[in-house]
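Notes follow once the structure below has been shown.
Everything numeric in this text was worked out from a predicted model, so none of it was measured. We use all heavy atoms of the structure for the numbers below, so side chains are in, but hydrogens, waters and symmetry mates are not. Counting starts at 1 for both ligands and their atoms, in listed order.
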Amino acid sequence: MSEALILVGNEGPVRTLTLNRPAALNSFNGAMHGELRTALADAAADETVRCLVITGAGRGFCAGQDLNDAELGADVEGVVERHYKPLALTIRSFPVPVIAMVNGVAAGAGANLALGCDFVIAARSASFIQAFAKIALVPDCGGTWLLPRLVGRARAIGLAMTGDKLPAEDAERIGMIWRCVDDAALADSTRSLAEKLAALPSKALAETRRLIDAAAPMDYAAALSQEATVQGAMSRGADFAEGVGAFLQKRAPVFKDR
Ligand code: T3D
């Protein structure tokens with residue numbers, strides 16, 4: 001039997017999905033897209049999962065589209081519509097926080113897969129490359145939306161047009177990622193962040209992400225109204241009663257809503 005292209009691991013409430021085509025720097029072919037889609041759906045449906053980590057096997061995180069894949073060239077628009085767009089949307093609306101643990105180079109759609117996650121923790125040896133222009137393409141997997149919001153227009157244009165490699169340290173310095181850590185500390189730093197997020201109220205965190213993204217094109221008054229509506233809904237959840245009860249009783253809360 002051929003090896004799984006997505007490895008699935010569990011550590012308590014933390015689910016880790018590992019892209020597993022290391023010989024091609026975990027670049028995406030149709031089969032890996034299919035396995036990732038299934039693994040994401042399983043994790044989303046599993047109430048015991050309270051944080052998701054995505055990482056890569058071997059020395060790379062993900063080199064984007066497999067440039068040897070048979071689908072490439074024949075129907076590029078279809079590949080983006082069928083694979084990258086749903087992937088980006090699934091992660092952006094995931095019921096629990098998603099961490100990209102970037103263990104090595106993240107290029108093309110692989111870079112934007114990471115940037116679409118809620119947190120990016122990268123090893124110091126890792127790097128980010130908007131490789132698209134080098135093969136006469138434009139950023140996809142959300143890059144045109146994500147990059148200017150993360151780093152501003154000037155840097156978004158610079159990174160996307162030059163396709164220059166951005167070391168993880170610089171990515172942290174310009175606010176493109178959450179943290180750059182020593183290679184040896186990557187797994188432990190990710191685990192402690194994942195455990196912290198898993199213990200927080202998942203539904204409130206997912207709603208926080210949704211509101212922040214939805215507020216971007218709104219005026220201030222509309223964003224304030226949106227906050228009021230969702231705050232009302234959140235206050236009717238069991239996690240809110242648990243959070244307040246735990247505070248008043250001076251104990252740690254146990255959150256369950258998703
Ligand atoms: O339908 C559509 O396709 C549209 C969607 C597009 C989305 C995209 O992601 S477009 C962008 C595609 N990605 C790239 O253009 C990146 C191509 N790769 C690179 O530029 C370099 O590999 C890296 C800068 C990422 C890393 O360089 P380096 O020197 O560390 O490694 P390497 O030697 O280039 O790669 C190692 C192996 O992985 C090598 O195979 P080999 O020679 O050992 O058998 C290389 O061919 C393979 N590999 C790396 N990237 C890809 C790949 N194989 C297929 N597709 C790749 N994208």
Next on the checklist: Below a 4.0 angstrom heavy-atom separation, can you tell me which part of F28, side chain or backbone, both or neither, approaches ligand 1?
Outcome noted: neither
Checklist entry - Going by the order shown, which atoms of ligand 1 are within less than 4.0 Å of some heavy atom of S27? => result 54 (C), 55 (N), 56 (C), 57 (N)
Checklist entry - Looking only at atom types and distance, does a side-chain atom of D66 sit under 3.5 Å from a main-chain N or O of F28, one as donor and one as acceptor? => result no
Item to check | Test: R124 and D182 ion pair at under 4.0 Å | outcome: yes
Next on the checklist: Using the side chain to side chain donor-acceptor pair (under 3.5 Å) criterion, which residues pair with T48? Sequence neighbours excluded.
Outcome noted: D46
Checklist entry - Heavy-atom contacts under 4.0 Å between V76 and ligand 1: side chain, backbone, both, or neither? => result both
Item to check | Side chain, backbone, both or neither: the part of D140 lying under 4.0 Å from ligand 1 by heavy atom | outcome: side chain
Next on the checklist: Using a strict threshold of under 4.0 Å (side-chain N to carboxylate O), is an ion pair present between D75 and R82?
Outcome noted: yes
Next on the checklist: Please state which option from Q65, E81, K134 has its nearest heavy atom closest to atom 12 (C) of ligand 1.
Outcome noted: Q65
Checklist outcome for this item: Quick note on ligand 1: atoms under 4.0 Å from a heavy atom of G64 include exactly 9 (O)
Checklist outcome for this item: At under 4.0 Å between heavy atoms, what of I129 touches ligand 1? The answer is side chain
Item to check | Cationic N near anionic O, under 4.0 Å, E35 to R21 | outcome: no
Checklist entry - Looking only at non-hydrogen atoms, which of A23, P22, A63 approaches atom 38 (O) of ligand 1 most closely? => result A23
Item to check | Polar proximity ligand 1 side, V79 side, N/O cut 3.5 Å exclusive | outcome: no
Checklist outcome for this item: Going by the 4.0 angstrom heavy-atom rule, the piece of K165 near ligand 1 is neither
Next on the checklist: Checking the N or O distance criterion of under 3.5 Å, is ligand 1 in contact with R59?
Outcome noted: yes
Checklist entry - Of all the atoms in ligand 1, which lie at a distance below 4.0 Å from a heavy atom belonging to Y84? => result 5 (C)
Checklist entry - Does a salt bridge link D239 with K203, judged by any charged N lying under 4.0 Å from a carboxylate O? => result no
Checklist entry - Other than V244, which residues form its hydrophobic cluster under the rule that side-chain heavy atoms must be closer than 4.5 Å? => result F240, F247, L248
Checklist entry - Do other residues, nucleotides or ligands put more than 12 heavy atoms under 6.0 Å from the CD atom of Q249? => result yes
